[in-house]
K.L.:
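Input: one structure, supplied below.
Read the numbers this way: they start at 1 and go in the same order the structure lists the ligands and their atoms.
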Amino acid sequence: MRAPSQVPAIQLNSGTEIPQLGFGVFLIPPEETEAAVRQALEIGYRHIDTAQMYGNERQVGEAVRASGLRRDEVFVTSKLSNRWHATDEAVLAFDRSLEELGLDHVDLFLIHWPLATVRDFMDAWRALERVHREGRARAIGVSNFQPAHLERLLAEGEVAPAVNQIEVHPYLVQDPLRAVGAAHGIVTEAWSPIGRGKVLADPVVTEVAQKVGRTPAQVVLRWHLQRGDVIFPKSSHAERMRENFALFDFELDERDVARLTGLDRGERIGPDPDHFAMVPS
Ligand SMILES: NC(=O)c1ccc[n+]([C@@H]2O[C@H](COP(=O)([O-])OP(=O)(O)OC[C@H]3O[C@@H](n4cnc5c(N)ncnc54)[C@H](OP(=O)(O)O)[C@@H]3O)[C@@H](O)[C@H]2O)c1
């Protein structure tokens with residue numbers, strides 16, 4: 001098992017395992033990323049979530065190498081830029097990711113956005129299937145895919161996605177989409193797990209936190225873990241990284257899990273994947 005003992009590992013349909021708790025690096029400036037990831041690895045995180053569009057893959061790779069950990073002890077995910085959905089371009093972009101990271105493989109590579117109104121994600125998926133066959137992406141998956149996108153991918157693809165990384169937090173619980181994934185053996189990864197801080201002042205969250213003697217962030221992150229999703233909260237502060245990692249010595253009861261789920265109001269922080277069409281130049 002790759003993860004330190006207290007972090008559960010979840011089996012992917014690729015046959016590999018993913019630590020259920022990781023560290024996300026979206027919005028960490030490149031010049032701060034190496035230090036942040038080194039700190040996270042020191043605390044015990046063994047799963048890093050980056051992307052071509054975050055502009056910090058190089059610094060993630062530097063931190064992994066500087067940590068002294070074996071390559072197979074750290075799970076590394078990256079994602080295809082919206083710019084490179086054409087099959088040949090996507091393969092070249094994947095090659096550049098490995099070069100930036102300084103690695104000979106990634107543990108997981110994702111299509112970042114479906115872009116279904118402007119591109120054909122099946123073109124990009126063929127590229128991911130190719131690098132997966134070559135062993136350079138141990139698992140492949142998607143992000144921000146809606147049920148119709150998943151159905152098409154499953155019908156037309158040769159390899160089923162291992163994960164769907166989607167926005168999930170108590171104000172957007174996404175149970176129907178999570179259920180579609182589960183029915184097809186696709187693990188849900190919940191991005192913005194604490195809603196970038198927006199859900200932490202909710203009276204239900206603070207009440208449960210007070211009851212269990214934990215912080216609001218710990219309660220919300222624990223809620224995700226008990227629902228079975230994979231999470232990778234981001235923080236640029238060491239004390240918060242530690243707080244977000246200390247989730248394995250308490251539990252929420254079923255009623256509190258249900259109360260947090262009941263906060264759902266369909267409220268997104270990020271764009272609506274059915275309409276998002278941003279392609280960087
Ligand atoms: N696939 C996609 O389209 C997509 C989209 C968005 C995100 N993601 C992934 O998901 C990861 C996490 O999502 P996210 O970064 O958007 O949001 P998040 O993890 O829900 O929240 C991060 C924000 O919350 C603050 N924070 C962290 N821990 C805290 C704590 N214990 N108490 C109070 N505030 C805390 C952080 O501030 P400080 O840094 O100042 O501590 C930061 O502003 C990303 O890093 C990325 O890897 C993927």
K.L.:
Show me the donor-acceptor pairs, under 3.5 Å and distance only, between side chains in residues 165-178 and residues at least two apart or in other chains.
P.N.:
| residue | atom | partner | partner atom | Å |
| --- | --- | --- | --- | --- |
| Q165 | NE2 | D49 | OD1 | 3.0 |
| Q165 | NE2 | E189 | OE1 | 2.8 |
| E167 | OE1 | I269 | N | 3.3 |
| E167 | OE1 | G270 | N | 3.0 |
| E167 | OE2 | H169 | NE2 | 2.7 |
| E167 | OE2 | I269 | N | 2.6 |
| H169 | ND1 | Y171 | N | 3.3 |
| H169 | ND1 | L172 | N | 3.4 |
| Y171 | OH | D202 | OD2 | 2.6 |
| Q174 | NE2 | E167 | O | 2.9 |
| D175 | OD1 | R178 | NH1 | 2.9 |
| D175 | OD1 | R227 | NH1 | 3.2 |
| D175 | OD1 | R227 | NH2 | 3.1 |
| R178 | NE | D229 | OD1 | 3.3 |
| R178 | NE | D229 | OD2 | 2.9 |
| R178 | NH2 | R227 | O | 3.0 |
| R178 | NH2 | D229 | OD1 | 3.1 |

K.L.:
I want to check a possible cation-pi pair here: R136 against F109, using under 6.0 Å from ring centre and within 45° of the ring axis as the test.
P.N.:
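No, a cation-pi geometry is absent between R136 and F109.
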
K.L.:
Give the atom numbers and elements of ligand 1 that come within less than 4.0 Å of a heavy atom of Q165.
P.N.:
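Checking each atom against Q165, I get 1 (N), 2 (C), 4 (C), 8 (N), 9 (C), 48 (C).
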
K.L.:
For atom 14 (P) of ligand 1, grab the closest protein heavy atom and report residue, atom and distance to one decimal in Å.
P.N.:
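Nearest neighbour among protein heavy atoms for atom 14 (P) of ligand 1, to 0.1 Å: S192 OG, 3.5 Å.
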
K.L.:
Please identify which atoms of ligand 1 are closer than 4.0 Å to at least one heavy atom of H112.
P.N.:
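Those atoms are 1 (N), 2 (C), 3 (O).
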
K.L.:
Looking only at distances, can you tell me whether any N or O atom of F26, backbone or side chain, sits closer than 3.5 Å to an N or O atom of ligand 1?
P.N.:
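Yes, since at least one N or O of F26 sits under 3.5 Å from an N or O of ligand 1.
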
K.L.:
What pairs with H224 under ring-ring contact (aromatic ring centres under 6.0 Å, His included), at least two apart in sequence or on another chain?
P.N.:
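Not a single residue meets the ring-ring contact (aromatic ring centres under 6.0 Å, His included) criterion with H224.
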
K.L.:
May I ask you to check if ligand 1 and K79 share an N or O to N or O distance below 3.5 Å?
P.N.:
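No, K79 has no N/O under 3.5 Å of an N/O on ligand 1.
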
K.L.:
At a 4.0 Å threshold, what atoms of ligand 1 neighbour a non-hydrogen atom of S236?
P.N.:
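Atoms satisfying the 4.0 Å criterion: 38 (P), 39 (O), 41 (O).
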
K.L.:
For atom 34 (N) of ligand 1, find the nearest protein heavy atom and state the residue, atom name and distance (0.1 Å precision).
P.N.:
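Here the closest protein heavy atom is R240 CZ, 3.4 Å.
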
K.L.:
Of all the non-hydrogen atoms in the protein, which one sits nearest to atom 26 (N) of ligand 1, and at what distance?
P.N.:
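Of every protein heavy atom, I194 CD1, 3.6 Å lies nearest to atom 26 (N) of ligand 1.
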
K.L.:
Taking 4.0 angstrom as the limit and counting only heavy atoms of G24, give me the atoms of ligand 1 inside it, by number and element.
P.N.:
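Contacts of ligand 1 toward G24, numbered from 1: 45 (O), 47 (O).
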
K.L.:
Under 4.0 Å from a heavy atom of L200: give me the atoms of ligand 1 that qualify, with their elements.
P.N.:
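Per the distance check, 32 (N), 33 (C), 34 (N).
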
K.L.:
Any idea which atoms of ligand 1 are less than 4.0 Å away from a heavy-atom of G195?
P.N.:
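Answer for ligand 1: 20 (O).
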
K.L.:
Between R96 and E100, does any side-chain N to carboxylate O distance fall below 4.0 Å?
P.N.:
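A salt bridge is absent here (no side-chain N lies under 4.0 Å from a carboxylate O).
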
K.L.:
By number and element, which atoms of ligand 1 are closer than 4.0 Å to a non-hydrogen atom of A217?
P.N.:
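Those atoms are 30 (C), 31 (N).
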
K.L.:
Does CD belonging to Q210 count more than 12 external heavy atoms closer than 6.0 Å?
P.N.:
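Counting other residues, nucleotides and ligands, CD of Q210 stays at 12 neighbours or fewer.
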
K.L.:
Measure from NZ or CZ of R119 to the centre of the six-membered ring of W84, then state whether that distance is under 6.0 Å and the direction lies within 45° of the axis.
P.N.:
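The answer is no, since R119 fails at least one limit relative to W84.
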
K.L.:
Which of the atoms in ligand 1, numbered in the order shown and given with their element, are less than 4.0 Å from a heavy-atom of W113?
P.N.:
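So the answer, numbered in order with elements, is 3 (O).
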
K.L.:
To which protein heavy atom is atom 47 (O) of ligand 1 closest, and what is the distance rounded to 0.1 Å?
P.N.:
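Result for atom 47 (O) of ligand 1: D49 OD2, 2.7 Å.
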
K.L.:
Could you check atom 21 (O) of ligand 1 against the protein and tell me its nearest heavy-atom contact, residue, atom and distance included?
P.N.:
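Heavy-atom neighbour on the protein nearest atom 21 (O) of ligand 1: R196 CA, 3.2 Å.
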
K.L.:
For atom 12 (C) of ligand 1, what is the closest protein heavy atom, and at what distance to 0.1 Å?
P.N.:
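Sorting protein heavy atoms by distance from atom 12 (C) of ligand 1 puts F232 O, 3.4 Å first.
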
K.L.:
Are T215 and E243 linked by a side-chain donor-acceptor pair shorter than 3.5 Å?
P.N.:
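Judged by distance alone, the side chains do pair up.
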
K.L.:
Just by distance, no angles: are the side chains of T77 and D107 close enough, under 3.5 Å, to form a donor-acceptor pair?
P.N.:
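No pair is found: no donor N or O on one side chain lies under 3.5 Å from an acceptor on the other.
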
K.L.:
Between W125 and L154, is there shared hydrophobic-cluster membership here, with clusters defined by ILVMFWY side-chain heavy atoms closer than 4.5 Å?
P.N.:
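Per the 4.5 Å side-chain linkage, W125 and L154 are co-clustered.
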
K.L.:
Regarding ligand 1, does P193 bring an N or O atom to under 3.5 Å of one of the ligand's N or O atoms?
P.N.:
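Yes, there is a polar N/O contact under 3.5 Å.
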
